K.L.:
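Mind having a look at this structure? Questions to follow.
For clarity, every value in this text was computed on a predicted model and none was experimentally measured. In the text below, chain A, chain B and the rest are named by the order of the sequence lines, each starting its count at 1.
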Amino acid sequence: MIPELGHFALILALCTSIVLAVVPMVGSISGHSGWMAMARPAAAAQAFLVSLAYACLTWAFVSHDFSVLYVANTSNTSLPLIYRISGVWGGHEGSILFWCFISALWTGAVAVFSKALPQVLLARVLSVLGIVSVGFLLFVLLTSNPFERLFPVPLDGASLNPLLQDPGMAIHPPMLYLGYVGFSVAFAFAIAALIGGQLDAATLRWMRPWTNIAWMFLTVGISLGSWWAYNELGWGGWWFWDPVENASFMPWLVGTALIHSLAASEKRGVFKAWTVLLAVLAFSLSLLGTFLVRSGVLTSVHSFAADPTRGLYILLFLGVVVGGSLLLYALRAHKLKSTATFELVSRESALLLNNILLVVACAAVLLGTLYPLFVDALGYGKMSVGAQYFNAVFVPLMLPILLIVGLGAMLNWKRDKLTGRSTPLAILAIASILLAALLSTQLLSFRIGAVASLAMAIWVTSSTVYGIVHRFRNKRKRLSAVMHTPAAFWGMSIAHMGLAVFTVGVALTSMYTEEQTVRMQINDTHEVGGYGFEFASIEEVRGANFNAAEATFNVRQGDRDLGQVVAQKRFYDVRQDTMTEAGIDAGFTRDLFIALGEPLDRGTAWSVRIQTKPFIRWIWLGTIFMALGGLLAACDRRYRRVGVRAKAGDVASAKESNNTGLGQRPAIASMAASSTDNASSPG
Amino acid sequence: MNLALKLLPLVLFLTLAGFLAKGLTLDPAELPSPLIDKPAPEFTVELLPEGSGELASSSLDGKVWVLNVWASWCAPCVQEHPYIVELAEKRSVILLGLNYKDEPGDAQQWLGRLGNPFTYVLDDRLGDVGLDWGVYGVPETFVIDKLGRVRYKHVGPLDRASVVDKLIPLIDELEREPT
């Protein structure tokens with residue numbers, strides 16, 4: 001009964017979405033205020049209905065309703081509760097419904113938090129979000145219905161893939177989807193701006209926190225995926241340039257370019273067409289990722305069950321949404337003219353250069369990911385593209401990006417001179433290189449790649465610190481100045497330092513990891529990277545839904561006893577999958593990583609992979625800082641002030657005709673506020 | 001920026017979409033064998049049961065033959081075996097069973113239980129022959145023509161359709177070819 005209720009709610013949600021997609025948009029073009037006013041209630045109704053449908057599916061999982069085919073394929077009576085809740089998004093059908101759920105929530109949130117927005121703009125934005133919802137709801141109802149029944153009802157389900165039975169894995173998809181779907185908000189605004197032929201500062205200011213939050217979620221999601229891969233896959237790797245990983249990384253690269261382009265557009269009125277294009281591209285890449293993962297077009301360890309029919313649907317959807325928006329861009333972008341100019345040496349230049357580099361990097365990743373498909377489609381046979389290509393292309397692009405990150409944050413808007421600060425710059429640059437060389441030689445061994453990366457990381461950190469110090473240098477009341485600094489400035493600083501920390505982690509782990517795979521028997525000792533590992537014991541243990549061979553290792557460094565590390569080889573009951581649970585001794589400056597391989601000689605010995613991984617935790621620490629920076633930037637007080645100021649303007653503009661309706665009065669008022677902000681600092 | 005430049009993203013996207021559409025008709029997991037139309041790798045192996053002698057691939061020149069890679073520890077081999085038995089009943093082609101990385105005792109038992117359609121059972125307990133033939137999974141089936149060239153490779157278990165619609169017509173065609 002409840003699954004049918006959920007199914008029915010979905011159908012109603014589809015109807016509501018169709019109304020949302022059509023009525024307000026038509027109303028915004030014809031000037032019909034009543035129709036535009038339908039946007040909010042329709043968005044709220046859609047959010048409620050989709051949430052209801054999702055709740056019904058969750059209920060089916062939690063209550064072990066194996067008469068629902070999807071539950072029977074994905075769950076099991078022995079599955080712990082938390083994984084019954086997270087298993088809802090563990091398979092294809094449920095994850096697409098989950099996407100609809102997140103999309104409905106974001107649309108609802110836009111509807112709720114948008115009292116300051118002019119009606120015409122809001123109508124168009126919500127309609128575009130409605131179009132996206134229609135696409136995904138149709139996809140669910142036509143090709144991927146999670147509420148399909150199964151008869152006869154099996155006694156038990158097939159259970160969740162054990163790889164997904166892990167807390168990090170459980171929240172990895174929600175974080176990712178919040179990011180992907182969050183970019184649809186910026187996308188909707190971009191489309192609305194193209195249709196209206198205007199993109200003013202108030203709109204841009206409205207867009208920024210939403211895009212920052214979406215970006216933050218995507219950062220966390222990708223980081224969790226990497227973290228999980230490291231802990232669960234047993235190879236000690238944290239990034240494999242797998243097509244599905246790339247599918248999440250590409251929107252992130254463009255999303256990063258987008259949040260910086262938005263900053264320039266809002267503060268200086270430049271790059272408007274570029275911002276709009278980036279917003280379209282970011283969401284398009286999210287959709288492309290969905291296609292790649294579910295269509296079977298690329299082989300990946302990650303993909304959902306491949307189904308060309310579903311792939312065809314998504315491709316058509318992609319064609320309509322992406323093709324339509326890019327056509328709209330080609331025809332209407334000329335209306336979004338920049339209202340300012342800038343010099344060669346300025347923050348705008350630095351941002352533009354980095355944006356171009358980010359987009360080039362994204363294109364390189366896209367090429368590598370799709371190259372096997374291109375080769376096969378053109379009849380040139382089968383080819384696979386591995387990590388060597390991606391590293392060879394991506395790393396050289398990152399170095400100039402890092403260089404400009406440090407430099408750009410120090411530059412003023414519009415016009416700046418390097419001559420005025422050439423001394424501090426030179427000092428920072430030389431100090432970075434020397435310090436990097438020194439650290440790398442003292443801590444590890446000299447390698448040019450490590451030195452270059454470390455130098456960049458130190459450069460970014462020191463320029464950020466210099467920027468902070470410089471900002472407060474001439475203030476008389478330092479503490480007051482610090483307290484009144486916008487959160488966005490701290491957000492930027494923390495995020496950039498996070499990037500530096502991340503770079504350190506990546507560089508040092510990639511260059512200095514030591515690994516050995518050896519055959520070990522009880523009481524054998526082996527040395528790797530200056531640490532001694534003794535195979536102390538092996539025993540059979542029983543977990544919640546698995547049996548495991550559990551090995552214990554004693555770890556020493558010289559004379560010091562560092563305790564024990566436990567590694568498991570798990571055998572799950574229902575699906576008969578084997579999984580490696582690596583033993584990890586975590587440390588701030590290094591991880592010790594032990595994974596059991598195979599039993600040898602009828603179990604009297606095991607093949608064991610032992611690794612020492614310097615500074616690997618810094619990778620995820622860096623991403624945490626980046627995400628934190630994004631969150632801080634989104635919480636800036638300036639964004640919350642728009643509501644108050646524009647409310648007064650909204651009343652005024654309601655008395656005028658609403659055809660241009662993009663709130664010129666509020667825009668002028670709030671632009672005055674922003675220029676006051678700008679006058680105080682190059683922030 | 002003129003219209004042509006602004007149309008570039010759309011044009012690039014449509015090209016990409018075209019490739020993606022083509023990609024939907026392809027199977028990225030399908031790996032054609034590099035041995036197709038090339039001479040079959042030569043071998044000389046012991047036969048099972050142990051002590052029955054040995055077989056050299058050169059002695060098969062001028063004849064059409066089928067090589068089926070199997071093992072007693074391979075679950076899909078159990079599923080495909082009846083169809084190999086059927087193939088042996090329907091055609092008198094030389095059927096070699098390459099017993100891959102297996103114990104002879106287990107292999108004998110398995111054949112005793114499920115039936116032995118093979119003209120010869122080859123002992124490849126170390127997997128050397130399989131290595132030469134590019135075997136990366138079990139079961140796999142190869143068809144070799146009278147000139148000793150590999151003409152077809154089937155990866156995975158055979159089913160009725162692949163035996164009746166692919167193997168048997170191919171074998172008939174190869175038999176008609178001149179020596």
K.L.:
Please determine whether the number of non-hydrogen atoms from other residues, nucleotides or ligands lying under 6.0 Å from atom CD of B:Glu103 exceeds 12.
P.N.:
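No.
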
K.L.:
Can you pull out the residues in residues 376-386 of chain A with any heavy atom less than 4.5 Å from chain B?
P.N.:
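Residues in range: A:Asp376, A:Ala377, A:Leu378, A:Lys382.
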
K.L.:
Nearest heavy-atom pair of B:Pro9 and A:Leu326: which atoms, and what distance?
P.N.:
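The answer is O-CD1, 3.5 Å.
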
K.L.:
Kindly compute the distance separating CZ (B:Phe19) from CG (A:Leu370), expressed to the nearest 0.5 Å.
P.N.:
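It comes to 10.0 Å.
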
K.L.:
Nearest 0.5 angstrom please: A:Leu327 CG to B:Phe13 CZ, how far?
P.N.:
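Reported to 0.5 Å precision, the distance equals 11.5 Å.
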
K.L.:
When rounded to the nearest 0.5 angstrom, what distance separates NE2 in A:His334 from CG in B:Asn2?
P.N.:
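Rounded to the nearest 0.5 Å, the NE2-CG separation comes to 12.5 Å.
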
K.L.:
Considering only heavy atoms, which portion of B:Leu16 lies under 4.5 Å from any heavy atom of chain A: side chain, backbone, both, or neither?
P.N.:
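When you check distances to chain A, only side chain atoms of B:Leu16 fall under 4.5 Å.
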
K.L.:
Counting only heavy atoms closer than 4.5 Å, note whether A:Leu281 contacts chain B via side chain, backbone, both or neither.
P.N.:
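A:Leu281 has no heavy atom closer than 4.5 Å to chain B.
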
K.L.:
How about CZ on A:Phe571, more than 12 heavy atoms from neighbouring residues, nucleotides or ligands closer than 6.0 Å, or not?
P.N.:
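For A:Phe571, atom CZ is crowded (more than 12 foreign heavy atoms under 6.0 Å).
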
K.L.:
Count the heavy atoms of every other residue, nucleotide or ligand shown that sit under 6.0 Å from CD of B:Glu42, and state whether that count exceeds 12.
P.N.:
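Atom CD in B:Glu42 is not packed in, count stays at 12 or less.
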
K.L.:
Side chain, backbone, both or neither: which part of B:Leu20 has an atom under 4.5 Å from a heavy atom of chain A?
P.N.:
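Both backbone and side chain.
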
K.L.:
Kindly compute the distance separating CG (B:Leu7) from CG (A:Leu331), expressed to the nearest 0.5 Å.
P.N.:
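These two atoms lie 7.0 Å from each other.
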
K.L.:
Which atom names give the shortest non-hydrogen contact between B:Leu24 and A:Ser295, and what distance separates them?
P.N.:
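Here B:Leu24 and A:Ser295 meet closest at CD2-CB, 3.8 Å.
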
K.L.:
For B:Leu10 and A:Gly323, work out which heavy atoms get closest and say how close.
P.N.:
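What the structure gives for the nearest pair is CD1-O, 3.3 Å.
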
K.L.:
Take atom NZ of B:Lys146 as the centre, draw a 6.0 Å sphere, and report whether it contains more than 12 heavy atoms from other residues, nucleotides or ligands.
P.N.:
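Atom NZ in B:Lys146 is packed in, count exceeds 12.
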
K.L.:
Measuring heavy-atom distances to chain B, does A:Leu312 have an atom under 4.5 Å in its side chain, in its backbone, in both, or in neither?
P.N.:
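Contact with chain B: backbone and side chain both.
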
